[in-house]
Amino acid sequence: MKDDKSRILPLLMDPRQPDENNRAYAYRILRKNIMNIQLQPGCPLSEAELSEHLVMSRTPIHEALMMLKGEWLVDVLPQRGSIVSKISIQYINEGYAMRKMLEPALLRSLSGHLNQAQLSELHGLLEQQDGSACISHDVLGDYFITLDNEFHKRLYTYAGYDRIWQAMHNVTTHMDRVRYLDTALCQMDMETFREEHEQLYKYLMVGLPKDVDVDAFFEHHLGAYREHFQSLLDRFPDFFI
């Protein structure tokens, strides 16, 4: 990763998924590159250039940018076009506060009440979060954070709150971008995250002990990005607002 504000092209690409139309593909690729800071905060997004790079017309590119605008990842400036939104400290704090309020309540309601199929799904995700498995993938932060989000998503899904997850996941886009930046530059402690997920799994499997401070657990687990946050602000002041 470069320390300047220049665009980083080519984009990180993934194979197109079955039945994925141009708009959906452009949205997924652009979102991935914004989230992992391949497209840096503040950089311009030329529809013509993106159209050429993704080999499609400008219409699905424009539509994808409007979808990303709705997630606060793209800003559309009058007479100037689109840019990658800078990372808002206010949005980071809002995303963290939202998850910190919701997920302890979900854990309390689900602990000791999951069926075997649900527990097996969570155990499978834990196995994928093994450090050696993550290191074997090219884009470490993308792979690990995707698994982390998928593990937490299960709490919402099992509680029947899929739409709340989607809304929350959109609100936490700026928080997640900091997590990607932290992973790339500060070497997030994957093993600690995995150990904490194992603890969550045990609580979900057997129930919560009476002496567990669930709120403190999630405050630490969700707030791990804060350990290096000041150094990220100092190193990349132009990335933040």
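It should be emphasised that the depicted structure is a prediction, and the values quoted were computed from it without experimental measurement.
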*Report the C-alpha separation of L106 and Y156 in whole Å, then their side-chain angles, then the decisive distance to 0.1 Å, and conclude whether the side chain to side chain contact (heavy atoms under 4.5 Å, CB included) test is met.*
CA-CA 7 Å; L106 291 175; Y156 297 80; 3.7 Å; yes
*Could you point out which residue of I83, V74, N33, L12 forms a side chain to side chain contact (heavy atoms under 4.5 Å, CB included) with L39?*
N33
*Is it true that the side chains of R177 and S88 contain a donor and an acceptor less than 3.5 Å apart?*
no
*Is the H221 ring parallel, tilted or perpendicular to the F193 ring (thresholds 30°, 60°)?*
tilted
*asked:* Name the residue from E63, K32, E71 that meets the side chain to side chain donor-acceptor pair (under 3.5 Å) definition with Y27.
replied: E71
*Heavy atoms, side chains only, cut-off 4.5 Å: are R108 and V214 in contact?*
yes
*Return the orientation label for the Y201 and H123 ring planes: parallel under 30°, perpendicular over 60°, tilted otherwise.*
tilted
*Is the charged tip of R179 near the ring of Y225: under 6.0 Å from the six-membered ring centre and within 45° of its axis?*
no
_Checking side-chain polar atoms at under 3.5 Å, does Q166 have a donor or acceptor matched by the opposite partner on Y161?_
no
_Here's a test for you: under side chain to side chain contact (heavy atoms under 4.5 Å, CB included), which of K202, E195, H197 qualifies with Q199?_
K202
*Does a donor on one side chain and an acceptor on the other come within less than 3.5 Å for Y96 and R226?*
yes
_Using a strict threshold of under 4.0 Å (side-chain N to carboxylate O), is an ion pair present between D238 and K86?_
no
*Mark yes or no for whether S85, through its side chain, and D75, through its backbone, hold a donor-acceptor pair below 3.5 Å.*
no
